[in-house]
Novice: 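Below is the structure I would like to discuss, written out as C-alpha cells.
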Amino acid sequence: MKSIATAKMRGQASNNQQPDFGTYHHSTPRVSQKIRDKVKILFTRVFRNLPFARDDSLKILDVGCGLGFLSCVCAEYYPKARIIGFDTFKHASLKESSLAKTNNNAKILGFSERIKFQKGDVFSSDYSKGNFDLFVSNLVFHNLGRKRINAYERLAHWMTPKSYLVLGELFFDYKTDFRRLTSLFGNVQKIHCFNIGRQYKMLVLSDPKK
C-alpha cells in the first residue's frame, strides 16, 4: 500500500487539487514529470544512506527550490524536518515560476507548516548561521554559468562540519566542477544515476574545508 504522502506527491491530494511543479526549459510537461519521478527516486535512495533517521528533526535548505518539488520530497521523507527553500522565481529554466505558486504546491500537499519559501539567490542571501543539517539542490547551478564556482564556495561556507549536501546537476564541464568541489569538501561521493541525461550526475558532499 502506498503511503498517503506518496499519493499526495503524485497529485492525489484529498481536496482534488494537483500541485504544479512546472515545465523545464526546452522540455514538455510530460518529460518534466518523468524527470521529477527519476529525481525523487535518486534523492530518496541517497537519503536512506545519510547518517540521519527519518524521524530526526532536521533543518534542510533547498537551494534554488523552483516550484518546491524537492522541498516537498524532503518533507515527505523526513516527516519532522523543517525546510527552507529559496529561489529568485525569475529564471527561464522553469516556466511560470512564482513564490505564490510554490507556496500553494506545499499547501496542496499538506507541507506548508514545515516548509518556508523565500525570495533570494545564492550570492545575496546568507544562510551561514542557519546550522542546517542537510542542503539539497537539483538542476540549479548549471544555470549560473561561470558564477557556479563561486556559488559552490558559498555553499561550503554555509555548511557546518556535520552538514551534508546532496547535489543533482547537469555538469557540462564535469572535470572542472569536480576538481573545484573536491578542493572545497573533504568528502565527495559520486552516486550512480540511471538515465536522466548523459551530463546529469549526483554528488553527496560533506566535511567542508574552511
Novice: Run the salt bridge (charged side-chain N to carboxylate O under 4.0 Å, His left out) test on Asp20 and Lys101 for me, step by step, so that the C-alpha distance in whole Å, both residues' side-chain angles and the decisive distance to 0.1 Å come before the verdict.
Specialist: CA-CA 8 Å; Asp20 178 6; Lys101 185 180 289 187; 3.6 Å; yes
Novice: Among the clusters formed by ILVMFWY side chains lying less than 4.5 Å apart, do Leu50 and Leu61 turn up in the same one?
Specialist: no
Novice: I'd like to know if Lys119 pairs up with Asp87 as an ion pair, taking the criterion as any Lys NZ or Arg NE/NH1/NH2 lying under 4.0 Å from an Asp or Glu carboxylate oxygen.
Specialist: no
Novice: Can you name the one residue among Ile84, Leu155, Val63, Val122 that meets side-chain contact (heavy atoms from CB on, under 4.5 Å) with Tyr127?
Specialist: Ile84
Novice: Answer with yes or no whether the side chains of Glu169 and Tyr174 bring together a donor and an acceptor at under 3.5 Å.
Specialist: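 Result is no, nothing qualifies.
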Novice: Take Val204 and Ile191 through the side-chain contact (heavy atoms from CB on, under 4.5 Å) test and state the conclusion after the steps.
Specialist: CA-CA 7 Å; Val204 179; Ile191 304 299; 3.9 Å; yes
Novice: Test side-chain hydrogen bond (donor to acceptor under 3.5 Å, both in side chains) on Tyr24 and Gln33 and set out the steps.
Specialist: CA-CA 9 Å; Tyr24 295 124; Gln33 184 56 50; over 6 Å; no
Novice: Phe52 versus Tyr78: any side-chain heavy-atom pair under 4.5 Å?
Specialist: yes
Novice: I need the Thr160 OG1 to Asn131 CG distance, nearest 0.5 Å.
Specialist: 6.5 Å
Novice: With the 4.5 Å side-chain cut-off for hydrophobic clustering, are Ile41 and Leu167 part of the same group?
Specialist: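 Ile41 and Leu167: separate clusters.
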Novice: Counting only N and O atoms by type, is there a donor-acceptor contact under 3.5 Å from the side chain of Arg36 to the main-chain atoms of Phe21?
Specialist: yes
Novice: Measuring only between side-chain heavy atoms, which start at C-beta, is Phe185 closer than 4.5 Å to Ser206?
Specialist: no
Novice: Is it the case that one hydrophobic cluster holds both Val73 and Ile196, taking links as side-chain heavy atoms less than 4.5 Å apart, direct or via other members?
Specialist: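 In one cluster: yes.
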Novice: Write down the atom of Ile115, the atom of Ala75, and the distance for their closest heavy-atom approach.
Specialist: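 Shortest heavy-atom separation between Ile115 and Ala75 comes out as CD1-CB, 3.9 Å.
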Novice: Quick one: pull up OG in Ser128 and NE2 in His157 and give me the separation to the nearest 0.5 Å.
Specialist: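 Separation between the atoms: 4.0 Å.
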Novice: Given side-chain contact (heavy atoms from CB on, under 4.5 Å), test Asp133 with Tyr164 step by step and report yes or no.
Specialist: CA-CA 6 Å; Asp133 304 289; Tyr164 283 79; over 6 Å; no
Novice: Can you see which heavy atom on Met159 is nearest to which on Leu165, and at what distance?
Specialist: CE-N, 3.8 Å
Novice: Can you establish whether the number of heavy atoms outside Lys90 located under 6.0 Å from its atom NZ is more than 12?
Specialist: no
Novice: Please round to the nearest 0.5 Å and tell me the distance separating atom CD of Glu76 and atom OG of Ser71.
Specialist: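 So the CD of Glu76 and the OG of Ser71 are separated by 13.0 Å.
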Novice: Determine whether the aromatic ring centres of Tyr152 and Phe141 lie less than 6.0 Å apart.
Specialist: yes
Novice: Please list all pairs passing the salt bridge (Lys or Arg N to Asp or Glu O under 4.0 Å) test where one or both residues lie in residues 176-187, with sequence neighbours left out.
Specialist: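 Listed once each, the pairs are Arg148-Asp177, Glu153-Arg180.
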Novice: Phe43 versus Cys74: any side-chain heavy-atom pair under 4.5 Å?
Specialist: no
Novice: Any donor and acceptor pair, going by atom type alone, linking the side chain of Asn104 with main-chain N or O of Ala100 inside 3.5 Å?
Specialist: no
Novice: Quiz question: by atom type and distance under 3.5 Å, do the side chains of Asp121 and Ser124 form a donor-acceptor pair?
Specialist: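 A donor-acceptor contact under 3.5 Å links the two side chains.
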Novice: Are Leu181 and Val136 connected in a single hydrophobic cluster, I mean Ile/Leu/Val/Met/Phe/Trp/Tyr linked by side-chain heavy atoms less than 4.5 Å apart?
Specialist: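 Per the 4.5 Å side-chain linkage, Val136 and Leu181 are not co-clustered.
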Novice: Could you tell me if the side chain of Lys201 sits less than 4.5 Å from the side chain of Phe178, heavy atoms only?
Specialist: no
Novice: Under a 4.5 Å cut-off applied to non-hydrogen side-chain atoms, are Arg82 and Ile60 in contact?
Specialist: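 Sidechains of Ile60 and Arg82: no contact.
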Novice: Where is the tightest heavy-atom contact between Ser98 and Phe89, given as atom of each residue plus distance?
Specialist: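 Shortest heavy-atom separation between Ser98 and Phe89 comes out as C-CD2, 3.7 Å.
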Novice: Work out which heavy atom in Gly66 is nearest to a heavy atom in Thr102; give both atom names and the distance.
Specialist: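 In terms of heavy atoms, the two residues are closest at O-OG1, 3.1 Å.
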Novice: Is there a side-chain contact between Lys209 and Leu184, using heavy atoms and a 4.5 Å cut-off?
Specialist: no
Novice: Would you tell me whether Ser32 and Thr23 have side-chain atoms, one donor and one acceptor, within less than 3.5 Å of each other?
Specialist: no
Novice: Are the side chains of Ser163 and Leu134 in contact, using a 4.5 Å heavy-atom criterion?
Specialist: no
Novice: Between Asn105 and Leu67, is there a donor-acceptor pair closer than 3.5 Å when you use the side chain of the first and the backbone of the second?
Specialist: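 Between the backbone of Leu67 and the side chain of Asn105 there is a qualifying donor-acceptor contact (under 3.5 Å).
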Novice: Can you give me the closest heavy-atom contact between Ala156 and Pro208, atom names plus distance?
Specialist: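 What the structure gives for the nearest pair is O-CB, 3.6 Å.
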Novice: Report yes or no: is the cationic atom of Lys59 (NZ for Lys, CZ for Arg) under 6.0 Å from the centre of the six-membered ring of Phe132, at an angle within 45° of the ring normal?
Specialist: yes
Novice: Does any non-hydrogen side-chain atom of Leu42 lie less than 4.5 Å from one of Val46?
Specialist: no
Novice: Going through the checks in order, is the side-chain contact (heavy atoms from CB on, under 4.5 Å) test met by Met202 and Val166?
Specialist: CA-CA 7 Å; Met202 180 170 281; Val166 184; 4.2 Å; yes
Novice: Strictly under 6.0 Å, is that where the ring centroids of Phe172 and His142 end up?
Specialist: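 They qualify: ring centres under 6.0 Å apart.
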Novice: Is the Trp158 ring parallel, tilted or perpendicular to the Phe135 ring (thresholds 30°, 60°)?
Specialist: parallel
Novice: Specify the closest pair of heavy atoms between Leu109 and Pro19, including all atoms of both residues, with the distance to one decimal.
Specialist: CD2-CG, 4.0 Å
Novice: Please lay out, stage by stage, how Phe47 and Arg54 fare under the test side-chain contact (heavy atoms from CB on, under 4.5 Å).
Specialist: CA-CA 9 Å; Phe47 291 164; Arg54 290 195 67 174; over 6 Å; no
Novice: Do you reckon Leu203 sits in the same ILVMFWY cluster as Leu139, going by side-chain contacts under 4.5 Å, direct or chained?
Specialist: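 Cluster IDs for Leu203 and Leu139 differ.
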Novice: Assess, by modelled atom type and distance only, whether the side chains of Asn138 and Tyr200 contain a donor and an acceptor separated by less than 3.5 Å.
Specialist: yes
